[in-house]
Amino acid sequence: MRKTALILLFVLLLTTKTVTMAEYKDALLDIADYTETIKLPIDDWSVTVREQISEEDAIEMITKMKKEGLQATKKETENSTNYSLADTQNSSKLNVYYNVIVHSGKAELIAVIEGRDWSETVKELYVKKITKVKNKYFTNMAQTFACLTVIDDAIIGSDYFFKDLTKTFNIQQETVQFDNHENLSHNFIFYGYTPLWTQKISLENATMNIQVAVTENAEGHLTYTIGTPILINEY
């Protein structure tokens, strides 16, 4: 009986892991798959998970992370206390780090997973890491922000890129904001809404969940920084 139970438990765990790897989908994977399809090389990518928690929960979380071997540093500012925690078990293919910001009895837990390369190996590592991070430290109330940058070295051109992007992701309510200031590096920013993703925000009475910043790099090639539901990183 004991042997049978152990076998059933092993099968259950194995099945759960396989389903998780096979069925996990998110905005970053959708964008990465798309850019690979149109043969635009990925320069870098990141996913940020954020959630508001109580100060008491924040202190418990920091204590838990320290016990798990994460290296922590503390910085006091005039209005808040900031804790930075690094995952010492990072793969060479991706990095994971955490920030806990405590202010006036409230706190925010932030996790960032980032990398520069993208391949099937990195994709597998990412799925394992993001599912572990979310299940271990966050609830379903957390917000997730994805960001991916690709370089267009005159392969397709911006006109085709946005036409194909809009069609592929069924983007609606498109808005383009042009840069009229010479001291800014980006050419324009594209906003829109796709029904493919559930997370969304409201901006000037419009619903959006995809943003693309177009910039020109040192070699004169255009780069597209794609964020969902909005870009929170520098570009």
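Residues take their numbers from the sequence shown, with the count starting at 1.
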> Is the shortest side-chain N to carboxylate O distance from K74 to E76 below 4.0 Å?
Replying inline: yes

> Is D87 salt-bridged to K132, going by a charged N under 4.0 Å from an acidic O?
Replying inline: no

> Does the side chain of V212 reach to within under 4.5 Å of the side chain of T225, using non-hydrogen atoms?
Replying inline: no

> Less than 6.0 Å separating the ring centroids of F169 and Y193?
Replying inline: no

> Is a salt bridge present between K128 and E124, judged by a nitrogen-to-oxygen distance below 4.0 Å?
Replying inline: yes

> In terms of side-chain geometry, is the basic nitrogen of D33 or K25 positioned less than 4.0 Å from the acidic oxygen of its partner?
Replying inline: yes

>> Quick one about D30 and W197 (side-chain donor to acceptor, distance below 3.5 Å, no hydrogens or angles considered), yes or no?
In response: yes

>> For the OG atom of S54 and the CE atom of M61, what is their distance to the nearest 0.5 Å?
In response: 9.5 Å

> Parallel, tilted or perpendicular: which fits the ring planes of Y126 and Y24, with parallel below 30° and perpendicular above 60°?
Replying inline: perpendicular

>> Other members of the hydrophobic cluster containing I110, with the 4.5 Å side-chain heavy-atom rule, please.
In response: Y97, I101, V112

> Can you find a heavy atom in the side chain of N95 that is under 4.5 Å from one in the side chain of R116?
Replying inline: no

> Do the two ring centres, one from Y83 and one from Y98, sit under 6.0 Å apart?
Replying inline: no

> Between F190 and Y224, does the ring centroid distance fall short of 6.0 Å?
Replying inline: no

> For N79, does its backbone N or O pair with a side-chain atom of H103 as donor and acceptor, under 3.5 Å?
Replying inline: yes

> In Å, rounded to the nearest 0.5 Å, how long is the span from CD1 of I226 to OG1 of T149?
Replying inline: 8.0 Å

> Any side-chain heavy-atom pair from T81 and K75 closer than 4.5 angstrom?
Replying inline: no

> Under 4.0 Å between a Lys/Arg side-chain N and an Asp/Glu carboxylate O for E108 and R50?
Replying inline: yes

> So, the side chain of T35 versus the backbone of A32: is there a donor-acceptor pair under 3.5 Å, distance only?
Replying inline: yes

> Is there a donor-acceptor pair under 3.5 Å between the side chain of W45 and the backbone N or O of D117?
Replying inline: yes

> Roughly how far apart are C147 SG and D44 CG, rounded to 0.5 Å?
Replying inline: 7.0 Å

> Have S202 and T207 got a donor and an acceptor in their side chains that come within less than 3.5 Å?
Replying inline: no

>> Quiz question: by atom type and distance under 3.5 Å, do the side chains of Q172 and T194 form a donor-acceptor pair?
In response: no

> So do V96 and K129 actually touch side chain to side chain, heavy atoms under 4.5 Å?
Replying inline: yes

> Can you find a side-chain donor-acceptor pair between Y191 and E174 that sits under 3.5 Å?
Replying inline: no

> Where do E51 and A142 come nearest, in terms of heavy atoms and distance?
Replying inline: OE1-CB, 3.7 Å

> Got a donor-acceptor contact below 3.5 angstrom from the D57 side chain to the I53 backbone?
Replying inline: no

> Is it true that the side chains of K93 and S119 contain a donor and an acceptor less than 3.5 Å apart?
Replying inline: no

>> I need the minimum non-hydrogen distance between D152 and H221, along with the two atoms involved.
In response: O-CB, 3.6 Å

>> Within the 3.5 Å criterion, strictly below it, is a donor on S84 or N82 matched to an acceptor on the partner's side chain?
In response: no

> Charged N to carboxylate O below 4.0 Å: is that the case for K136 and E68?
Replying inline: yes

>> Can you confirm whether more than 12 heavy atoms, excluding those of K163, are under 6.0 Å from its NZ atom?
In response: no

>> Taking the side chain as everything from C-beta on, heavy atoms only, tell me whether L40 gets closer than 4.5 Å to I151.
In response: no

> Are the side chains of Q199 and T228 in touch, meaning some heavy atoms are under 4.5 Å apart?
Replying inline: no

> Do V214 and I189 have side chains that get closer than 4.5 Å, going by heavy atoms?
Replying inline: no

> Mind checking whether I210 and I171 have side chains closer than 4.5 Å, heavy atoms only?
Replying inline: yes

>> Tell me whether V100 shares a hydrophobic cluster with M141, the cluster being built from Ile, Leu, Val, Met, Phe, Trp, Tyr side chains joined at under 4.5 Å.
In response: no

>> Donor-acceptor check, side chain of Y34 to backbone of T168, threshold 3.5 angstrom: yes or no?
In response: no

>> Quiz question: by atom type and distance under 3.5 Å, do the side chains of T215 and T223 form a donor-acceptor pair?
In response: yes

> Out of curiosity, S158 OG to F188 CZ, how far, rounded to the nearest 0.5 Å?
Replying inline: 5.0 Å

